[in-house]
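Note that these values count all heavy atoms, side chains included, but never hydrogens, waters or copies made by symmetry. None of these values were measured; they are calculated from a predicted model.
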Amino acid sequence: MAYAIIPGTRPAGDAAPLPTGWAAARARIEGLPGGGLNMAHEALDRHVAAGHGAQAALIWLGRAGERQVLSYAGLARRAARFAHVLRAHGIGPGERMFLLSHRVPDLYAATLGALKAGVVVCPLFAAFGPGPVRARMEIGGAAVLVTTEAQYRRKVAGWRSDMPGLKLVLILGDAAPEGCVALGPAMAASPDSFDTHPTAPEDMALLHFTSGTTGLPKGVVHVHQAVVAHAETGRLALDLRPADIYWCTADPGWVTGMSYGIISPLCNRATIVVDEAEFDLDRWYGILERERVQVWYTAPTAIRMMMRAGAEAARGRDFGALRFLASVGEPLNAECVIWGQQVFGLPFHDNWWQSETGGIMIGNTPEMDIKPGAMGKPLPGITVGIVTRDGDRVTEQPDGVIGELALRPGWPSMMRAYLGQPDRYAKCFAGGWYLTGDLALRDSDGYFWFVGRADDLIKSSGHLIGPFEVESALIEHPAVAEAAVIGIPDETAGEVVKAFVTLKAGVEASQALERELRGHARQRLGPSVAPRDIVFCDRLPRTRSGKIMRRLLRARELGLPEGDLSTLEGDAQ
């Protein structure tokens with residue numbers, strides 16, 4: 001189905017100034033008064049010094065209906081107290097602090113306080129089991145852990161003695177088990193001002209872990225210089241403006257929840273909404289309405305769950321404060337873009353980036369026309385190409401040709417290393433490009449279109465089939481909520497397409513519906529691309545950040561090793 005282009009949402013004459021290069025973006029942030037660069041200073045202290053301390057920095061919404069507002073000055077004081085707690089226990093610059101907690105205010109104070117102290121922040125997802133927690137803390141060389149008593153007892157206490165480098169465990173709240181420190185009393189006894197450690201731009205600031213198909217998780221290293229890209233891309237790709245009410249639904253345990261849930265919005269002096277609870281449709285609609293959210297950054301999975309409930313679930317709500325909607329985490333189907341326009345009066349704007357890029361690289365910015373289904377265009381300062389590689393030889397491809405998405409290195413938030421894996425890091429670069437592992441194509445208007453991960457590509461009877469294209473066609477059918485597609489070996493064709501589908505509420509699976517879906521796909525895609533087989537399932541395997549795990553479907557279908565499952569949603573490891 002062809003979709004009409006959606007005009008840009010930014011009014012004429014209201015465009016944000018574009019950088020002429022990263023030097024211009026660097027000039028928009030302050031830097032430390034005595035020299036150096038520090039994320040926490042850019043996110044908090046400079047705003048307080050400029051007279052904006054009374055503005056709300058964070059609106060926290062508790063599971064049980066609590067609501068707490070922290071001003072920029074209040075959050076800065078709590079961050080300073082946390083930095084003093086680290087210093088009082090001998091934790092110095094460059095040491096690694098791991099976070100294992102649900103979304104509570106002191107998680108945000110701890111993040112910013114550690115950065116002020118020059119301590120490296122390593123977020124973990126609170127639903128991880130003991131195995132994934134231990135593996136990441138061992139790889140990262142954890143010196144500090146900030147967590148809850150329940151999390152500590154279930155996931156850490158049993159093996160803590162095996163990690164002598166773990167010097168300090170801070171327990172959120174007013175009490176702590178033996179050998180740990182209660183954070184509440186420790187912060188209350190600490191001063192509320194702290195001289196930010198003079199971190200240099202290339203000092204390590206953040207360590208994010210990302211899982212691969214095989215092997216141990218990779219520790220992706222980012223430095224304080226990344227704040228230049230966090231601030232600038234939030235302004236350009238998310239339309240963040242001072243005093244905006246902004247809600248990023250991603251958990252800080254993931255790179256999105258850190259880069260665009262904390263650092264970027266605070267650098268742009270927005271007010272961030274933090275919801276402690278997990279997805280609940282009525283709750284989410286209520287938050288958008290009551291908190292008068294202006295900029296909303298969420299995931300395609302959440303959008304499809306809203307679509308599954310139907311437009312009537314949003315009927316009668318007042319979403320009039322919304323100005324800009326964006327999506328991240330996996331490709332955004334065209335249907336989701338159109339649905340946003342129908343329900344909220346605004347389209348969802350897709351963008352593309354990775355843990356390794358540290359920030360948004362390609363996006364649909366407010367002034368751009370949207371081609372539903374496209375990732376958008378490279379942001380200013382980012383050079384993107386479509387390439388093929390043969391060993392160390394990399395060849396750039398013309399418009400309309402599928403190849404690997406590649407970026408010219410040099411942007412501020414580019415990863416600086418895979419921790420302790422220099423050879424693995426080096427393999428990401430060749431021929432003057434950073435090679436992303438994603439397949440895409442660029443059209444004649446300069447828009448980039450996602451095809452799939454290189455290892456997800458299906459080769460059938462000489463055709464290269466991107467799973468996203470097939471999934472998008474299936475989702476166009478009114479019965480389908482979500483779809484995932486893999487290739488299955490076939491003696492004649494090499495591979496054939498198999499689809500796994502979840503249905504919308506009230507729709508019953510049947511052989512007749514399966515035949516109807518196959519016919520729909522054949523009509524949309526042609527017989528050589530359409531699924532040969534469609535399986536109905538209650539849910540699809542996905543990571544806790546919302547990405548569908550196609551490689552797990554394939555492994556289970558073919559009896560192959562399942563690889564690292566530490567990020568699998570609902571995993572009990």
Would you compute the distance between atom CD of Glu516 and atom CD of Glu514 and round it to the nearest 0.5 angstrom? 11.0 Å
I'd like to know if Asp369 and Lys371 make a salt bridge, using a cut-off of under 4.0 Å between side-chain N and carboxylate O. no
Show your working on salt bridge (charged side-chain N to carboxylate O under 4.0 Å, His left out) between Glu482 and Arg542 and close with a plain yes or no. CA-CA 12 Å; Glu482 289 192 297; Arg542 63 177 72 254; 2.5 Å; yes
Ile362 CD1 to Phe448 CZ distance, which is reported to the nearest 0.5 Å: 5.5 Å
Is a salt bridge present between Asp318 and Arg290, judged by a nitrogen-to-oxygen distance below 4.0 Å? no
Measure the CD1-CG distance between Ile263 and Leu206 for me, rounded to the nearest 0.5 Å. 6.0 Å
Do His208 and Glu356 meet the criterion of a side-chain donor-acceptor pair at a distance under 3.5 Å? no
Would you sort out whether Phe324 and Tyr297 count as a ring-ring contact (aromatic ring centres under 6.0 Å, His included), showing the intermediate values? CA-CA 9 Å; Phe324 191 78; Tyr297 197 26; 8.9 Å; no
Ring pair (Phe, Tyr, Trp, His ring centres under 6.0 Å) partners for Tyr418, two or more places apart: none
With distance as the sole test, does Gln151 use its side chain to make a donor-acceptor pair with the main-chain N or O of Ser101 at under 3.5 Å? no
Could you give the distance from CD1 (Ile139) to CG (Leu207), rounded to the nearest 0.5 Å? 9.0 Å
Pairing residues for Glu278 by the salt bridge (charged side-chain N to carboxylate O under 4.0 Å, His left out) criterion, not counting sequence neighbours: Arg103
Sort out for me which residue in Thr256, Val274, Ile272, Val295 forms a side chain to side chain contact (heavy atoms under 4.5 Å, CB included) with Cys248. Thr256
What do the steps show when you test Phe348 against Trp339 for ring-ring contact (aromatic ring centres under 6.0 Å, His included), and what is the final call? CA-CA 8 Å; Phe348 281 98; Trp339 186 83; 7.0 Å; no
Answer yes when Glu291 and Arg67 have at least one side-chain N-carboxylate O distance shorter than 4.0 Å, and no when they do not. yes
Quick check: does any side chain N or O of Asp438 sit under 3.5 Å from a backbone N or O of Glu404, one acting as donor and the other as acceptor? no
Stepwise salt bridge (charged side-chain N to carboxylate O under 4.0 Å, His left out) test for Asp244 and Arg323: CA-CA 10 Å; Asp244 270 347; Arg323 186 183 75 245; 2.7 Å; yes
Can a donor-acceptor pair be found, under 3.5 Å and without considering hydrogens, that links the side chain of Gln294 to the backbone of Ile245? yes
Donor-acceptor under 3.5 Å (His230 side chain, Ile262 main chain): no
So does Arg63 pair up with Asp275, basic N to acidic O under 4.0 Å? no
Would you find a donor on one side and an acceptor on the other, under 3.5 Å apart, between the side chain of Asn333 and the backbone of Cys336? no
What orientation do Trp353 and Tyr260 show, parallel under 30°, tilted 30 to 60°, or perpendicular over 60°? perpendicular
What's the separation between atom OG1 in Thr147 and atom CG in Leu172, rounded to the nearest 0.5 Å? 7.0 Å
Any side-chain donor paired with an acceptor under 3.5 Å for Thr388 and Gln397? yes
So the side chain to side chain donor-acceptor pair (under 3.5 Å) pairs with at least one residue in residues 498-513 (sequence neighbours excluded) are Lys498-Glu557
With the threshold set at 4.0 Å, does a side-chain nitrogen-carboxylate oxygen contact exist between Lys377 and Asp445? no
Euclidean distance, Leu325 CG relative to Leu346 CG, rounded to 0.5 Å: 5.0 Å
Does Lys155 offer a backbone N or O that forms a donor-acceptor pair with the side chain of Trp159 under 3.5 Å? yes
